Amino acid sequence: MDQAAVRQLMEDQLKLSRRLRERIRELEHERRAPVAVVGMGLRLPGGLTSPEAYWDFLRGDTTAYSGIPADRPGLRAAYDPNPGVPGRSYVDTAGFLTDIAHFDADFFGISRREAKLLDPQQRLLLETAWEALERAGVAVRRADRLPVGVYLGMMASEYSERLEDRADMSRIDPYYTTGGGLCFGAGRISHVMGFSGPVASVDTACSSSLSALHLAVRGLRAGECRYALVCGSNLLLSAHLMVSLCQTRALAPDGRSKSFLASADGYGRGEGVGAVALMRLADAEREGRPVLAVLRGSAMGHDGAASGLTAPNGSAQQEVIGAALADAGVDAGEVGWIEAHGTGTALGDPIEVGALAAVLGDAVRSRGFPLPIGSVKSRIGHLEAASGIAALIKTVLMLRHGEIPAAASPDDGPLNPHIPWDGIAFTVPRANQPWPTELPRRVAGINSFGMSGTNVHVVLEAYDAAPAAAGTPVPAGVTASEALPELITLSARTPGILHELADTVADLLRKTGPEQLPALCHTLRSGRAPHPCRVAVTGSTPAELADRLARAARAANGAAHGTTPLRRVTLRVPDGVAAPAVAALGQAFPWLFEGSAESGGPEHRLAAVVGEFGVQVRAGTDPSGAAFTYPSAEGGGGARAHRLALLTLLGRLFEAGADLRLGALCATGTPLVADLPTYPFRRERFWVDEPGTGGQGGGRPEVKTDGGEPPGTWTRERIHAHLLAVLKDALEATDEPDMECSFLEAGGDSFISTLFITKVEERFEVGLTREELPLDLPLRTLIGKLADDIAAGGAAATAQEGHR
């Protein structure tokens with residue numbers, strides 16, 4: 001081989017080696033890719049229903065413990081203040097939610113019959129998951145099949161116990177399974193919202209939520225989903241677990257967790273539900289999502305051969321903490337806060353602090369200032385399966401605000417003497433304090449340990465936001481200081497909810513600065529799914545938009561659009577308007593014209609621009625179908641005027657029922673705002689009382705529609721009315737159903753379909769097969785086909801009887 005060939009071979013091998021090293025680096029980055037927290041929703045003790053309320057609470061000095069609510073008679077009946085009484089609980093205090101019975105069943109397309117039998121955890125999970133995605137600016141349209149993975153930490157479903165009576169099992173119906181099974185908590189979220197990603201319900205006892213988080217991070221890094229919802233849930237509805245824990249003396253007699261204090265004597269229970277939306281950080285930045293914090297690493301392990309199944313293992317805890325730091329690529333000396341498991345038990349707290357000290361202690365001592373630790377359990381109780389999600393949301397808020405809330409009160413007494421505080425350089429802060437300024441990064445760890453032995457540690461970091469991406473460029477002919485027109489769109493399921501939402505947004509607008517307005521409007525336009533009742537307004541200042549929005553919502557007549565969105569429209573363009581409009585819009589929204597050929601006249605190009613927002617548009621004067629006129633451009637038709645004209649047209653289309661994709665009004669990556677109002681769900685009570693305390697909370701009587709006359713003599717109209725009455729009873733609906741909705745959209749499912757048809761067949765002969773009555777038919781068509789079939793069968797039977 002000559003020298004040139006050898007040189008070429010060496011160069012080729014060097015290039016290959018470089019490519020392989022680069023690919024290895026890419027794979028390593030994917031394996032440890034940072035994950036962004038982009039949205040959060042919660043229901044926590046003390047009436048906390050938003051991240052903002054939770055942060056205010058954390059910065060305050062109160063706790064969320066309370067007595068047993070009146071709607072938990074079983075817990076009240078089991079109480080006896082004397083520890084050790086068989087079959088009794090000595091605890092009458094915990095961190096209770098203020099409202100678990102109310103739910104917006106119509107919003108989620110769930111029938112009243114099913115909603116009443118649904119574990120309240122599933123209802124609260126639906127609401128908090130929806131809020132987390134809205135806060136992330138993710139519009140949930142069921143038909144989109146978004147690649148969202150759902151990972152739920154949940155260990156008990158006690159609501160269905162009130163249906164159990166071995167002497168009388170009449171209360172058990174098909175929803176006993178789907179309403180209470182742990183797997184259905186996560187599955188229902190994905191089903192109702194139409195997601196396509198992986199779904200998992202995780203039960204590792206008290207570490208369930210962070211175990212779910214660990215799995216979600218792995219799923220995102222592996223590309224199994226683009227978005228992930230991590231949820232945690234816990235409700236105290238039965239006396240069984242409370243009695244069992246009291247018999248083991250696991251609970252503090254006063255019902256309160258006293259994390260790391262000398263007075264620690266067991267843990268205090270609590271309940272809560274939370275949801276956190278996650279994405280890979282690179283994807284979140286590309287989409288302009290609000291990054292609230294960055295999850296750098298996580299690890300999960302097990303105690304293994306500990307002294308007992310439920311006893312903590314310090315060595316195993318050390319392993320999982322060290323593994324999480326390694327996964328995050330974070331040095332122990334960079335950690336500025338540990339959100340500890342901190343149950344407040346004599347056994348658990350010293351072991352946990354010992355494990356933390358073994359991993360972090362040397363680095364903390366060498367840096368010269370202490371590491372603050374604490375646990376939110378001391379304020380809201382130990383939420384068991386949901387404790388991890390409460391700790392996660394707290395830590396995200398701390399990182400975002402750069403502040404460490406007090407972990408104990410000055411009046412709480414001394415710290416646990418079994419922990420060598422002087423030698424480990426850890427501290428439990430007694431007052432709110434800023435994040436340590438000596439640390440160049442804001443990094444925090446979260447511990448979560450399950451009674452079954454599963455341990456999880458997570459490492460998060462505050463997000464260092466890059467300069468905000470540019471939004472809509474200033475069109476030619478408009479000065480940079482001139483306020484551009486903006487469009488706000490709002491929608492709801494009912495007029496009353498729309499008015500409530502509009503008032504809330506209007507109040508926010510009056511507190512909004514002009515520089516924040518474009519991102520706020522962009523988020524409300526593109527980050528919310530459209531509902532039937534709608535309002536759209538344009539304006540150039542926050543005050544102008546607030547006034548117009550409030551007036552428009554009050555003036556709305558309450559008419560809701562059908563379930564079929566407006567898809568095709570005709571655009572009428574006044575003479576001489578199309579060419580200057582295309583030129584002006586091309587400067588204001590250049591991305592709408594990228595890749596489009598300049599074929600056709602300006603009217604057709606203008607129609608194509610409007611079509612970029614998700615509706616089929618044709619230019620012309622065809623009177624058939626819905627027609628819209630391009631608004632007059634005021635002030636001589638300048639760039640600003642044509643921008644306003646386009647926004648006005650889109651607002652009219654939105655109010656007319658078009659399912660617009662209004663994110664196209666801003667360039668890719670335009671920032672979305674996290675802290676905007678979320679959907680105000682309607683509060684309607686759905687509740688099954690415990691046995692012996694009042695029945696099932698208001699059952700419905702059987703339908704009575706006939707007067708003893710043979711069905712063969714009934715007219716089609718009477719049959720139709722009877723079918724509607726049976727359908728309403730099957731759905732337990734209080735209002736007349738929307739006949740343009742499908743059976744599924746009205747809250748029906750295969751169970752209710754079986755119940756409905758069975759009830760119909762008790763009176764009529766039905767000739768149609770199930771295949772001929774698909775559940776996605778509009779109710780008008782389904783009931784009509786069924787009435788026609790029954791009427792025809794009755795007429796034939798009557799005729800046959802007459803020939804005999």
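Note that this is a predicted model, so its numbers are computed, not measured.
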Practice problem: Go through L782 and F756 one step at a time and tell me if the side chain to side chain contact (heavy atoms under 4.5 Å, CB included) criterion holds. | Solution: CA-CA 12 Å; L782 186 145; F756 171 61; 4.3 Å; yes
Exercise. Take T541 and L545 through the test side chain to side chain contact (heavy atoms under 4.5 Å, CB included) and record every step on the way to the result.
Key: CA-CA 6 Å; T541 67; L545 282 165; over 6 Å; no
Practice problem: With side chain to side chain contact (heavy atoms under 4.5 Å, CB included) as the test, would you mind laying out the steps for L133 and V38 before giving the verdict? | Solution: CA-CA 8 Å; L133 289 170; V38 295; over 6 Å; no
Practice problem: Evaluate salt bridge (charged side-chain N to carboxylate O under 4.0 Å, His left out) for D675 paired with R400, printing each intermediate quantity in order. | Solution: CA-CA 13 Å; D675 303 325; R400 192 178 182 198; 3.1 Å; yes
Quiz item: Given the rule in the salt bridge (charged side-chain N to carboxylate O under 4.0 Å, His left out) test, do E544 and R548 qualify, once you have shown the distances and angles that lead to the verdict?
Solution: CA-CA 6 Å; E544 185 177 41; R548 291 180 177 178; 2.9 Å; yes
Practice problem: Under the salt bridge (charged side-chain N to carboxylate O under 4.0 Å, His left out) rule, what do E684 and R123 come out as? Steps first, then yes or no, please. | Solution: CA-CA 12 Å; E684 186 173 3; R123 308 178 203 160; over 6 Å; no
Practice problem: Go through F593 and W591 one step at a time and tell me if the side chain to side chain contact (heavy atoms under 4.5 Å, CB included) criterion holds. | Solution: CA-CA 5 Å; F593 293 81; W591 54 89; over 6 Å; no
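Salt bridge annotation for E224-R280: absent, with no cationic side-chain nitrogen under 4.0 angstrom from a carboxylate oxygen. Salt-bridge annotation for E486 and R643: present, with a side-chain N of the basic residue lying under 4.0 Å from a carboxylate O of the acidic one. Using a 4.0 Å cut-off between a side-chain N of Lys or Arg and a carboxylate O of Asp or Glu, R683 and D104 do not qualify as a salt bridge. Under a 4.0 Å N-O distance rule, the pair K785/E772 does not qualify as a salt bridge. Under the 4.0 Å criterion applied to side-chain N and carboxylate O atoms, R780 and D738 are not assigned as salt-bridge partners.
Residues S540 and R640 are in side-chain contact: their nearest non-hydrogen atoms beyond the backbone lie under 4.5 Å apart. Between L723 and L727 the shortest side-chain heavy-atom distance does not fall below 4.5 Å. Side-chain contact between R525 and L665 is present, with heavy atoms from C-beta onward closer than 4.5 Å. Looking at T538 and P485, their side chains never come closer than 4.5 Å, going by heavy atoms from C-beta outward. Counting heavy atoms from C-beta on, the side chains of V138 and L146 come closer than 4.5 Å. Side-chain contact between E736 and K728: present, with at least one pair of heavy atoms (C-beta onward) separated by less than 4.5 Å. Contact annotation: the side chain of F195 approaches that of L229 to within less than 4.5 Å [non-hydrogen atoms, C-beta and beyond]. The shortest distance between side-chain heavy atoms of V148 and M193 does not fall below 4.5 Å.
Screening R112, R682, R493 for a salt bridge (charged side-chain N to carboxylate O under 4.0 Å, His left out) with D106, the sole residue that qualifies is R682. For the side-chain contact (heavy atoms from CB on, under 4.5 Å) criterion with L571, the lone passing option out of V615, V617, L653 is V617.
Atom-to-atom distance recorded for D729:CG and L724:CG is 12.5 Å, nearest 0.5 angstrom. The distance from atom SG of C521 to atom CG of L487, rounded to the nearest 0.5 Å, is 7.5 Å. Atoms NE2 and CG, from H499 and L490 in turn, are 11.5 Å apart once rounded to the nearest 0.5 Å. Rounded to the nearest 0.5 Å, atoms CD (Q516) and OG1 (T523) are 11.5 Å apart. Put simply, OH on Y151 and CD1 on I189 are 13.0 Å apart, with the number rounded to the nearest 0.5 Å. Annotation: the span from L484 atom CG to L644 atom CG amounts to 10.5 Å, rounded to 0.5 Å.
Within a 6.0 Å sphere centred on NE2 of H401, other residues, nucleotides and ligands contribute more than 12 heavy atoms.
Under the 3.5 Å distance criterion, with hydrogens and angles disregarded, a donor-acceptor pair is assigned to the side chains of E285 and Y463. At a cut-off of 3.5 Å, with distance as the only test, a side-chain donor of Q122 or R188 sits close to an acceptor on the other residue. Using modelled atom types and a 3.5 Å distance limit, the side chains of R43 and T49 yield no donor-acceptor pair. Using modelled atom types, one finds no donor on one side chain facing an acceptor on the other under 3.5 Å when comparing T678 with R528. A side-chain donor from one of E287 and Y227 sits under 3.5 Å from a side-chain acceptor of the other.
Nearest approach of K116 to F686, heavy atoms of both residues: CA-CB, 3.8 Å. Across all non-hydrogen atoms, the minimal contact from C666 to H522 is SG-ND1, 3.6 Å. Shown here for P677 and V505, the closest heavy-atom pair between the two residues is CG-CG2, 4.2 Å. Closest approach of F654 and L660 over heavy atoms only: N-CD1, 3.8 Å. A139 approaches S526 most closely through the heavy-atom pair CB-O, 3.7 Å. Heavy atoms only, all atoms of each residue included: L672 and A136 are closest at CD1-O, 4.1 Å.
Under a 3.5 Å cut-off, the side chain of R289 and the backbone N or O of G137 do form a donor-acceptor pair. Side chain of S190 to main chain of G187: no donor-acceptor pair is present (N/O by atom type, distance under 3.5 Å, no hydrogens or angles). In this structure, R551 contributes its side chain and A546 its backbone to no donor-acceptor pair below 3.5 Å.
By the 30° and 60° cut-offs, the orientation of the rings of F107 relative to H531 is tilted.
Note that R661 lies outside the cation-pi zone of F613, set by a 6.0 Å cut-off to the ring centre and a 45° limit from the axis.
Proximity of the aromatic rings of F108 and F681 is defined here by a centroid distance below 6.0 angstrom, and this criterion is met.
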